[in-house]
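Inspection log for the structure reproduced underneath, given as structure tokens.
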Amino acid sequence: MSPRTPLPPPPPPAEIRSRPDREALLADRARALDALGRRLLGGGRFALFAGAVLLLQLGWGMVGVTLAGLGTGAILDPITFFVGLVVSVLGAGVMVPGFWLAVRGVRQDRTARERLAAWAALDRDRASDARLRRPVPSALWMVVSAVLCGLGLWLGFAVPAGADPADGPGLVAYGMGVALICWINGLIGLFKAVGHYRMAIRTAPVARAGRSASSEPPRPV
């Protein structure tokens, strides 16, 4: 689903719902759950997530040119200082859209989760509830996010421990910034994947004694 496609609206209040039968309700519910699930874990959302991480790392890498020069003394050269300053300003400009994409993604995810929970609470249907789990996209998000968290954690310890005093604090600051970007975005992805899995389990619990979720008595429409 394209990010420009509006989210499915929340279900209307109970007092103004008008559907001919339960099958119509389940059909609307299935379409809404499918669209919201794609918005949360689909390829488009993953591309935005990866794009935000890449922009943040690219921008911070450009800023790191100046930070690394602080320890070597090369930054004291006027020409080098000017070039480093220009590159750092450009890097900060690159980081702005990356930060905006990350914040926008978190806000849209919160809205999509709230609407998904509202639609899921209307009724139970075994087929649509099983599709809600999306095991492959959930696993992909979890693996990528865990790798980012692990990389950020490793860099957070390895960079200060392996720093050469001759390099000064600039290189350490750059390495810690890289670690922080990986760690924060990894946590965002992990919370998303784990939260969606928990919601899917609550919505579609494993059937017991051969009794499916669709066998529950219908709720009023």
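All residue numbers in this chain count up from 1 along the given sequence. Computed from a predicted structure; not experimentally measured.
- Not a single donor-acceptor pair under 3.5 Å links the side chain of R39 to the backbone N or O of R45.
- Residues C149 and G186 share a closest heavy-atom pair of SG-C, 3.3 Å.
- Looking at L116 and L132, their side chains come closer than 4.5 Å, going by heavy atoms from C-beta outward.
- By the 4.5 Å heavy-atom criterion applied to side chains, V106 and K192 are not counted as neighbours.
- Here the straight-line distance linking atom CZ of F99 with atom CZ of R104 works out to 14.5 Å at 0.5 Å rounding.
- Hydrophobic clustering of Ile, Leu, Val, Met, Phe, Trp and Tyr side chains at less than 4.5 Å, counting indirect connections, keeps L56 apart from L190.
- Considering all non-hydrogen atoms of both residues, W141 and L40 come closest at CZ2-O, 4.2 Å.
- Following chains of ILVMFWY side-chain contacts shorter than 4.5 Å, one cannot reach M142 starting from V53, and the two form parts of different hydrophobic clusters.
- In the hydrophobic clustering of ILVMFWY residues, with side-chain heavy atoms under 4.5 Å counting as a link, L48 and L58 come out together.
- Across V63 and A92, no two heavy atoms sit closer than the pair CG2-N, 4.0 Å.
- One finds the CZ atom of R115 at 12.0 Å from the CZ atom of R110 (value rounded to the nearest 0.5 Å).
- Smallest separation of non-hydrogen atoms from L26 and R124: CD2-O, 3.9 Å.
- Under the 4.5 Å side-chain criterion, counting only non-hydrogen atoms from C-beta, R113 is not in contact with H196.
- Checked for salt-bridge contact, D125 and R29 miss the test: no charged N lies under 4.0 Å from a carboxylate O.
- Not one N or O on the side chain of S145 forms a donor-acceptor pair closer than 3.5 Å with the backbone of I188.
- What you find for A179 and G156 is that their closest heavy atoms are CB-N, 3.7 Å.
- Connection of V143 to L140 is not established within any shared hydrophobic cluster, with ILVMFWY side chains joined at heavy-atom distances below 4.5 Å, either directly or through further cluster members.
- Taking CG of L187 as the start and CG of L148 as the end, the distance is 10.0 Å to the nearest 0.5 Å.
- In this structure, the side chains of Q57 and C182 come closer than 4.5 Å at one or more pairs of heavy atoms.
- One hydrophobic cluster, built from ILVMFWY side chains closer than 4.5 Å, cannot hold both V96 and V87; they sit in different ones.
- A salt bridge between D34 and R31 is absent, with no side-chain N of the basic residue lying under 4.0 Å from a carboxylate O of the acidic one.
- Closest of all the heavy-atom pairs between L36 and W119 is CD1-CD1, 4.0 Å.
- Using the six-membered ring where Trp is involved, Y174 and W60 have ring planes that are parallel, under 30° apart on the 30 and 60° scheme.
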